[in-house]
Amino acid sequence: MKPYLQFANIYDDLMEHVDYDRWLTYMEKALKERGIRATTILDIGCGTGEFMLRMNQAGYTVAGLDLSEDMLTVAHQKLQSAGYPAQIFHEDMSQFSGLGRYDVITIFCDSLNYIKEEEAFKQVFLRCYDALNDGGLLLFDVHSPFKMTQFDQATYADDGDGVAYIWHSFTGDAPNSVEHELTFFIEQENGLYERVEELHQERTFDEKTYTKWLKESGFNAIQVTSDFCDEPPHAKTERFFFSAKKEAGTS
């Protein structure tokens, strides 16, 4: 079952605790430190367009890419309602091409962790490299191997307005992977609740592996930080942040 296929319309309610502004702050700080004046951005794994909306509000020209048509439908409606262009692409992040060139490509909120095969990870980086302008920047975050261990046998539950859910996580078969079993109870117009089940699978690798793949794709000036701060990764880092540059004249 495709991730987010059933619950695109309630996704924003479930993610209301996510501080998207932190990713915007991280992005703009990375651009400033690199001396990059960016105008065009491709947001991969854009989901319902919540981060795209914030980047548009900050003055950027933003396109979005996602595998879920349902999520893109929500994103299109959201951006148009706010008066912004809804330039969105229904594409697999490991297979896209011919979508133009951008100053920055973002893959945030562990969207990259939904890739399961090593070759597909490498393809994402290669395609991002091709889609960047010379001097452009790839920014992404991923769960660390340590974070994956924290998911094992974890259970989350919530009873909100019109929707309740039970979220159970356990270690997957592949190294550094996790599976999330989600059960939603969504209130219908007649007052009854519909039960919806989803299985989400995530996988990650260590810092050195991501860095190796980035270099093999042509990126350099690679910087890795930890958990929204400037510190280098450590044993209990939960989220790696990567900044990788495509140097001018390397196309």
Side-chain angles (χ1 to χ4, degrees), residues 1-18 20 23 43-51 64-76 78 88-96 106-124 140-188 192-206 209-210 238-240:
M1 184 176 294
K2 293 181 180 179
Y4 303 128
L5 181 62
Q6 296 292 336
F7 62 97
N9 287 324
I10 63 170
Y11 178 78
D12 287 340
D13 291 335
L14 298 172
M15 300 295 285
E16 63 181 358
H17 64 285
V18 175
Y20 292 99
W23 276 278
D43 186 30
I44 293 180
C46 66
T48 63
E50 198 64 28
F51 188 55
L65 179 156
D66 203 279
L67 185 60
S68 168
E69 289 184 272
D70 288 6
M71 300 285 268
L72 291 175
T73 297
V74 176
H76 188 275
K78 182 182 298 183
I88 53 177
F89 303 105
H90 178 222
E91 299 278 352
D92 184 325
M93 70 172 77
S94 67
Q95 298 179 16
F96 78 94
T106 58
I107 318 176
F108 285 148
C109 206
D110 54 87
S111 295
L112 192 58
N113 290 129
Y114 279 84
I115 298 291
K116 291 182 288 185
E117 303 297 331
E118 293 187 24
E119 186 57 37
F121 275 95
K122 297 176 185 179
Q123 284 297 317
V124 173
F140 67 91
D141 67 76
V142 286
H143 288 314
S144 70
F146 170 75
K147 177 63 176 180
M148 290 303 199
T149 67
Q150 304 306 297
F151 282 123
D152 188 36
Q153 301 303 317
T155 299
Y156 315 91
D158 189 38
D159 182 9
D161 184 17
V163 59
Y165 71 86
I166 302 171
W167 184 318
H168 179 61
S169 302
F170 53 92
T171 298
D173 293 333
N176 297 319
S177 69
V178 64
E179 298 192 359
H180 306 286
E181 290 182 343
L182 294 83
T183 303
F184 297 90
F185 302 90
I186 306 170
E187 187 176 13
Q188 306 301 299
L192 299 178
Y193 282 76
E194 178 185 3
R195 177 173 175 156
V196 176
E197 295 181 342
E198 297 242 349
L199 176 65
H200 291 220
Q201 299 171 306
E202 293 187 283
R203 187 181 185 187
T204 199
F205 297 87
D206 58 42
T209 299
Y210 286 115
E238 295 193 348
R239 191 183 294 270
F240 298 140

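Since we're looking at a predicted model, the values are computed, not measured.
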**Q** CD of Glu181 to CD of Glu197: how many Å apart, nearest 0.5 Å?
**A** 8.0 Å
**Q** Can you say whether the rings of Phe121 and Phe205 are parallel (under 30°), tilted (30 to 60°) or perpendicular (over 60°)?
**A** perpendicular
**Q** To the nearest 0.5 Å, how far apart are CZ in Phe184 and CH2 in Trp167?
**A** 6.5 Å
**Q** List the residues meeting ring-ring contact (aromatic ring centres under 6.0 Å, His included) with Phe140, not counting sequence neighbours, and say none if there are none.
**A** Phe125, Phe242
**Q** Go through Ile115 and Gln123 one step at a time and tell me if the side chain to side chain contact (heavy atoms under 4.5 Å, CB included) criterion holds.
**A** CA-CA 10 Å; Ile115 298 291; Gln123 284 297 317; over 6 Å; no
**Q** Thr149: what forms a side chain to side chain donor-acceptor pair (under 3.5 Å) with it, not counting sequence neighbours?
**A** none
**Q** Evaluate the side-chain proximity of Pro145 to Met148: yes if any heavy-atom separation is below 4.5 Å, no if none is.
**A** no
**Q** Are the side chains of Cys46 and Phe89 in contact, using a 4.5 Å heavy-atom criterion?
**A** no
**Q** Do the side-chain N and O atoms of Tyr210 and Thr204 include a donor-acceptor pair separated by under 3.5 angstrom?
**A** yes
**Q** Out of curiosity, Tyr114 OH to Ser94 OG, how far, rounded to the nearest 0.5 Å?
**A** 16.0 Å
**Q** With His143, which residues qualify under ring-ring contact (aromatic ring centres under 6.0 Å, His included), at least two apart?
**A** Phe151
**Q** Only counting residues at least two apart or in another chain, list the ones meeting side chain to side chain donor-acceptor pair (under 3.5 Å) with His168.
**A** Thr155
**Q** Would you be so kind as to tabulate the donor-acceptor pairs closer than 3.5 Å made by side chains of residues 171-179, with sequence neighbours excluded?
**A**
residue	atom	partner	partner atom	Å
Thr171	OG1	Asp152	OD1	3.1
Ser177	OG	Ala174	N	3.3
Ser177	OG	Ala174	O	2.6
Glu179	OE2	Gln201	NE2	3.1

**Q** Nearest 0.5 Å please: distance from the CD atom of Glu238 over to the CG atom of Asp110.
**A** 11.5 Å
**Q** With the side chain counted from C-beta on, respond yes when Trp23 and Asp141 share a heavy-atom pair under 4.5 Å apart, and no when they do not.
**A** yes
**Q** To the nearest 0.5 Å, how far apart are CG in Leu65 and CG in Asp43?
**A** 9.0 Å
**Q** List the steps, then state whether side-chain hydrogen bond (donor to acceptor under 3.5 Å, both in side chains) holds for Asp70 with Thr73.
**A** CA-CA 5 Å; Asp70 288 6; Thr73 297; 5.3 Å; no
**Q** Quick one: are Glu198 and His180 in side-chain contact, heavy atoms under 4.5 Å?
**A** no
**Q** Could you go step by step and tell me if Met93 and Leu67 meet the side chain to side chain contact (heavy atoms under 4.5 Å, CB included) rule?
**A** CA-CA 8 Å; Met93 70 172 77; Leu67 185 60; over 6 Å; no
**Q** Under the rule for side chain to side chain donor-acceptor pair (under 3.5 Å), what residues qualify as partners of Ser111, not counting sequence neighbours?
**A** none
**Q** Rounded at 0.5 Å granularity, tell me how far NZ in Lys147 sits from CG in Asn113.
**A** 11.0 Å
**Q** Okay, side chain of Gln188, backbone of Ile186: is any donor-acceptor separation there less than 3.5 Å?
**A** yes
**Q** Taking Asp66 for its side chain and Gly47 for its backbone only, find out whether a donor-acceptor pair lies under 3.5 Å.
**A** yes
